[in-house]
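The structure under discussion appears below in the form of structure tokens.
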Amino acid sequence: MTDSKYFTTTKKGEIFELKSELNSDKKEKKKEAVKKVIASMTVGKDVSALFPDVVNCMQTDNLELKKLVYLYLMNYAKSQPDMAIMAVNTFVKDCEDSNPLIRALAVRTMGCIRVDKITEYLCEPLRKCLKDEDPYVRKTAAVCVAKLYDISSSMVEDQGFLDQLKDLLSDSNPMVVANAVAALSEINEASVSGQPLVEMNAPTINKLLTALNECTEWGQVFILDALSNYSPRDSREAHSICERITPRLAHANAAVVLSAVKVLMKLMEMVSDDTELVSTLSRKLAPPLVTLLSAEPEVQYVALRNINLVVQKRPDILKHEMKVFFVKYNDPIYVKLEKLDIMIRLASQANIAQVLGELKEYATEVDVDFVRKAVRAIGRCAIKVEPSAERCVSTLLELIQTKVNYVVQEAIVVIKDIFRKYPNKYESIISTLCENLDTLDEPEARASMVWIVGEYAERIDNADELLDSFLEGFHDENAQVQLQLLTAVVKLFLKRPADTQELVQHVLSLATQDSDNPDLRDRGFIYWRLLSTDPAAAKEVVLADKPLISEETDLLEPTLLDELICHISSLASVYHKPPTAFVEGRGAGVRKSLPARGGAAPDEAQAPQPTVIPNQESLIGDLLSMDIGGPPPAAPAPTSNLDLLAGGLDVLLGTGPEPVAAASGTTGLLGDIFGVSAAPASYVLPKQCWLPADKGKGLEIWGTFTRQNGQPRMEMTFTNKAMQAMSGFAIQLNKNSFGVFPVGGLAVGAVGAGAMVEAPLALATTGPVQRMEPLNNLQVAIKNNVDVFYFACLIPVHILFMEDGQLDKRVFLSTWKEIPAANEVQHSLTNVVGNADSIAQKMTLNNIFTIAKRNVEGQDMLYQSLKLTNNIWVLLELKLQPGNPEATLSLKSRTVEVASCIFQAYEAIIKS
């Protein structure tokens, strides 16, 4: 008879009956009673009243009964901690039992009972079990250390369990090694510091590789994951590790295969200069990845998401395996769409005929979403493989002839992109497209058709009639279509001004007077002003040559791709998002990245690149804890450190001279009203490219920082190099060393394709503080209707110098003496231009105030002070030799960490 009988009883007074059975002298009756208790517990009945009676049953040699009692204890110990203490003696006794199964069971159960009082008693038995003669007990104890760390990390560190765990890496039994690796990985992720607990070196790696061949499949996964975090010392060691890991690719378990792929992908970066080894590994990686596609659909999907990453990083691996990605009739839709995506990535001149034949077949399927994606894929193939463009266009025209509504609409959307990629090549098909004008009902398709009509108005005889037909229902159109209509009519007017004057006035009136959409209204006013003041300029702006669209617009951003390759075979590789985007708190871990390529030249590796953070769906996402490729930011300095002179200086300042007011702008009130600000007297760093267009999906941002009227500002220029308008701009700054945050939002409306707008942003310095590395690092997120983009820039620290940073001579002298000599830093300046007076004047414009000037033995000495927005005072001494382009700058401050930023700023100002 099966155990199902234990779940069927619903008698009244059951607890009382169970109590008497549990206290029975007969072993069989006792066991039956415990089974009934577990059954009741499983279905949700409260049987905690039986706790003392069940604990009494622990004193038994019967392993089955002991397991059941331990199961009950794990469930109820938290709600009955005082009663659970009764079981401690039995646990300790069982940890010394002659049967290794009982020893392991006891230590495992104690680790699962999250009660502080029991945890204290666990240490001694656990220490013994970690050194047990039986490997089963040792491997169980290794996992128990990780559980104990989760309950009390300090206890694990104090009791020396971590060292014992590290010793288990050298164990003779491979399963013990695997469990030790798993436990250390778990502890590592939970560690606050995020620093590795075990220094992975060649001997340790050798032990792990030896254990890899003999342990179970999940043990192999743990070891391979640990190996993926190791960076070999040189390409020779990397080569050796590759050879020893390659056999894992033939494993039957998909998790082992993907973990091996992850390690090999990482090592291939290190040996990239050894082309023969890379091509050998590429050939070996293809068959196991293909084999994964013969599994059930769910495993196929996970494999395909990982393959997608591999193909983006190294398309050569699967370039000959196109056929395995052809869609089967019974594939679920999620598998079909993923296969389609990989087919496009692998499309090349060699296989395009095959691919197009497949895609054309897919376009006649019954699944609407799949058909849409297939039609769009044909367009992407035309853009990616230039020699095939004509064949792709012919295929799209054949599909348009089918007159299937959604097929026609998708085809028009992709043909618009083809026109952008190959101007003046396929315009002969426009007449065929215009025939389908009346059937278009989706905003994207209508907007694409309007763009085609406007762009090629001179080739379409009845372009004015076609656009006029759209204007009849202008207010009912989607905003995307309205914006496109406005631009198309203006283009038509500039090409055929004689017979379209009424039409352009009509559309400008609709856009500016009758519309509630600020983007549309602004664009209408700009066109109106352009056309009325300078039609030639309007022609240059509106009819300018469009930038060619890129081949692959949906590739992952390179730094994100590198990070995801390091997370192959985890959820991150399925979501195509970094762990920080969907894991909160512990477990998100330190950002991983592939090692620098072995063949990269040193200069190339060190070239400064604008840092772009991987895309995330939400601006709020992980912005306040994001880390851009550097070490995790240190904890913010305590606020007491901000008053560097311990309050004494502020008192003295009250008796000193009045702070020098900032030079007021000459434009006065009228300037404020019309947004015209005076040119800043302080030094302004030239604008730099903060977000290149290829990282910003067409959005390019150049920017700098200024200080105007006592307030720091960001001055940005947004350029839209994409083929669609961008709108809905918002900005957020991460916590930073100086508490900089935006005052108000971005005053930027819609930015049309090819347009450029200025985006000034006032800043305040009273926000949350978090120390960054370097100190003036600022992490920025910009959001628009396309995506969220992240980048980092450096704040030139002189914009944070306050207008009240001038000290009295006596206060300066006494403060200089008070600050210890250890807090003095010197810096050599070269190519200094000008004399002491001109330098002092230049510095005053940037809120570095000269307190005194002396001439000592033919040297000019300037004594200067400045105050940062967070009340950090800095004292400076500049030594100049007239006629000598070299100078020495000495700095003293209570917080000497700011020195490097101050020196950078000083050097930039003095050479400006």
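Distance alone, capped at 3.5 Å, places no donor-acceptor pair between the Asn478 side chain and the Pro443 backbone. For the pair Tyr301 (side chain) and Pro332 (backbone), a donor-acceptor distance under 3.5 Å is absent. For Lys491 (side chain) and Gly454 (main-chain N/O), no donor-acceptor pair under 3.5 Å exists by modelled atom type. Put simply, the side chain of His576 never gets that close to the backbone of Leu564: no donor and acceptor are under 3.5 Å apart. Under the 3.5 Å distance criterion, the side-chain polar atoms of Asn734 are left unmatched by any main-chain donor or acceptor of Gln779. Distance alone, capped at 3.5 Å, places no donor-acceptor pair between the Asp331 side chain and the Lys336 backbone. At distances below 3.5 Å, at least one donor-acceptor pair connects side-chain atoms of Thr704 with backbone N or O atoms of Leu685. Between the side chain of Arg446 and the main chain of Leu440, a donor-acceptor pair closer than 3.5 Å is present. Side chain of Ser573 to backbone of Ser570: a donor-acceptor contact under 3.5 angstrom is found. The backbone N or O of Ala255 lies less than 3.5 Å from no partner atom in the side chain of Ser569, so there is not a single donor-acceptor pair.
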task: Evaluate side-chain contact (heavy atoms from CB on, under 4.5 Å) for Asp441 paired with Gln409, printing each intermediate quantity in order.
output: CA-CA 8 Å; Asp441 53 16; Gln409 306 206 65; 2.6 Å; yes
Step-by-step side-chain contact (heavy atoms from CB on, under 4.5 Å) determination, Asn306 to Val261: CA-CA 10 Å; Asn306 282 277; Val261 168; over 6 Å; no
task: Begin with the C-alpha distance, continue with both residues' side-chain angles, and end with the deciding distance and a verdict on salt bridge (Lys or Arg N to Asp or Glu O under 4.0 Å) for Asp562 and Lys313.
output: CA-CA 8 Å; Asp562 284 356; Lys313 187 70 185 171; 2.7 Å; yes
From CA spacing to verdict: side-chain contact (heavy atoms from CB on, under 4.5 Å), Leu868, Thr765: CA-CA 10 Å; Leu868 286 160; Thr765 54; over 6 Å; no
- request: Would you check, one step at a time, whether the test side-chain contact (heavy atoms from CB on, under 4.5 Å) holds for Met716 with Leu746?
  value: CA-CA 10 Å; Met716 293 174 284; Leu746 278 175; 3.8 Å; yes
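Among pairs with a residue in residues 714-741, those fulfilling ring pair (Phe, Tyr, Trp, His ring centres under 6.0 Å) read Phe718-Phe729, at least two apart in sequence or across chains. Residue pairs meeting the salt bridge (Lys or Arg N to Asp or Glu O under 4.0 Å) criterion with at least one member in residues 745-767, sequence neighbours excluded: Lys687-Glu758.
With rounding to the nearest 0.5 Å, the separation of OG1 in Thr717 from CD in Glu700 is 9.5 Å. How far CG of Asp225 is from OG of Ser259: 4.5 Å, rounded to the nearest 0.5 Å. For the atom pair NZ (Lys695) and CD1 (Ile701), the distance works out to 14.5 Å, reported to the nearest 0.5 Å. The OG atom of Ser900 lies 7.5 Å from the CG atom of Asn776; values are rounded to the nearest 0.5 Å. Atom NZ of Lys697 and atom CG of Leu691 lie 11.5 Å apart (nearest 0.5 Å). Once rounded to the nearest 0.5 Å, the distance linking CD1 of Ile565 with NE2 of His567 reads 11.0 Å.
Between Arg372 and Glu410, the shortest heavy-atom distance links the atoms NH1-OE2, 3.2 Å. Residues Leu340 and Ala374 approach most closely at CD2-N, 3.6 Å, considering heavy atoms. When all heavy atoms of Tyr683 and Ala908 are compared, the pair lying nearest together is CE2-CB, 3.6 Å. Nearest approach of Leu763 to Pro742, heavy atoms of both residues: CD2-CA, 4.1 Å. Smallest separation of non-hydrogen atoms from Phe325 and Leu318: CZ-CD1, 4.1 Å. Contact between Lys783 and Val788 at its shortest, heavy atoms only, is CG-CG2, 4.0 Å.
Contact annotation: the side chain of Phe470 never approaches that of Gln484 to less than 4.5 Å [non-hydrogen atoms, C-beta and beyond]. Val311 has its side chain out of reach of Ile317: every pair of non-hydrogen atoms, C-beta onward, lies at least 4.5 Å apart. Counting only heavy atoms from C-beta outward, the side chains of Val450 and Glu477 never approach each other to under 4.5 Å. Using a 4.5 Å heavy-atom cutoff, the side chains of Tyr790 and Glu557 are not in contact. With a 4.5 Å cut-off on side-chain heavy atoms, Val780 and Ile731 count as touching. Within the 4.5 Å cutoff, no side-chain heavy atoms of Val786 are placed close to those of Leu699. Counting only heavy atoms from C-beta outward, the side chains of Val898 and Val797 never approach each other to under 4.5 Å. Between Asn777 and Glu773, every side-chain heavy-atom pair lies at or beyond the 4.5 Å cut-off.
Around the NZ atom of Lys721, the shell of radius 6.0 Å holds no more than 12 heavy atoms that belong to other residues, nucleotides or ligands.
Lys373 has no carboxylate O lying under 4.0 Å from a charged side-chain N of Glu338, or vice versa, which leaves the two without a salt bridge. Arg376 and Glu444 are joined by a salt bridge, as a carboxylate oxygen and a charged side-chain nitrogen come within less than 4.0 angstrom of each other. Between Arg380 and Asp417, none of the side-chain N atoms (NZ, or NE/NH1/NH2) sits under 4.0 Å from a carboxylate O, so this pair counts as no salt bridge. Salt-bridge formation is detected for the pair Asp341/Arg345: a Lys NZ or Arg NE/NH1/NH2 atom is positioned less than 4.0 Å from an Asp or Glu carboxylate oxygen.
Checked against side chain to side chain contact (heavy atoms under 4.5 Å, CB included), Tyr575 has the following partners two or more places apart in sequence or in another chain: Leu571, Lys577, Phe582.
Using modelled atom types, one finds a donor on one side chain and an acceptor on the other under 3.5 Å when comparing Asn308 with Gln312.
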